[in-house]
Amino acid sequence: MIFSTLEHILTHISFSMVSIVITLHLITLLVNEIVGLHNSFEKGMIVTFFCITGLLVTRWIYWKHFPLSDLYESLIFLSWSLYIIHMILYFKKQKNNLSTITAPSAIFTQGFATSGLLTEMHQSRILLPALQSQWLMMHVSMMILGYAALLCGSLLSVALLIITFQKDIIRVFDKIKHLLNESFFFVEIQYMNEKGNILQSASPLYVRNYYRSQLIEQVDHWSYRVISFGFIFLTIGILSGAVWANEAWGSYWNWDPKETWAFITWTIFAIYLHIRTNTNIQGENSAIVAFLGFIIIWICYFGVNLLGIGLHSYGSFILTLN
């Protein structure tokens, strides 16, 4: 009874903290000058992380199994993993740029999990016979950690595409402006004034391009590192799942819809890592592959669960609107 009450309290506290953190995050995006507000936002993220950690530990002790038996618990664990990635980047002093990507991912995942949409799944049940195995913690935790890292890395690649696309648009407009200026004749005084203006604006333009290139390099670097870690976790998760499947169903691989989409996800990010080894085609090309992988992950994680078919149908859920 005590653990059930504690779980209920932690759920409401974490959801309330998410609401506050979302508000602070939106304000910090609109007003960058308020340093104290950004610090409050990060403190709110830390408090929410500890609430989720307490929630997972409470369910683990109360229900006597690792809290990864259904979609609700896996969503909580996914948001917990995203918070871990966010805080690693935060303590590595990458908070100014990369937290714009990692923070919303953790916040909205956890907000959805603790909202009223999954009310029927908040109460844990006795584990199904197929899940009563020591492989539950190994397989599912590695898969969720892999999903979390791959989602964050893919979002960083999407940010890279947006920055690059914005840079290309600015370059096109600059060329158009230059062509228009050359197509008209100006008097000497106007020409000298324009030349002076160009010289005055050359330095700010150079500085802006320099910082943009540094940002692109930083985002690309962290995207590659996070996706690499996620790929390792995903590989371990698939291999451990194959061993578990052989024990439970008598076969290492059954081409179950969940298994098939997990293999597709693994293949997409294997292609991404292969592209990264070729310096001639990496950059935007690898970012496009990562964006495709981002979509595939959600199909594997949510799409298959929505259908509720196959050997992994115990992970399906029903949305309940209050």
Output all residues satisfying side chain to side chain donor-acceptor pair (under 3.5 Å) with [X], sequence neighbours left out; order by chain, then residue number.
X    : result
T267 : none
Y301 : S74
S223 : S157
W135 : E247

side-chain contact (heavy atoms from CB on, under 4.5 Å) against [X], all qualifying residues, sequence neighbours excluded:
X    : value
A270 : F231, W266
I295 : F291, I299
M87  : I46, F49, F91
Y252 : A242, N246

* **Validation row, ring centre W80 to ring centre Y83 under 6.0 Å** => no
* To do: Using modelled atom types only, decide if a donor and an acceptor are shared between the side chain of H139 and the backbone of G237 within a distance under 3.5 Å.
  => yes
Output a table of donor-acceptor pairs, distance under 3.5 Å, between side-chain atoms of residues 143-154 and any protein atom two or more places apart or on a different chain; print 'none' if there are none.
residue, atom, partner, partner atom, Å
S154, OG, L150, O, 2.6
S154, OG, A290, O, 3.2

* Sequence neighbours left out, what passes ring-ring contact (aromatic ring centres under 6.0 Å, His included) with W261? Give chain and number order. => none
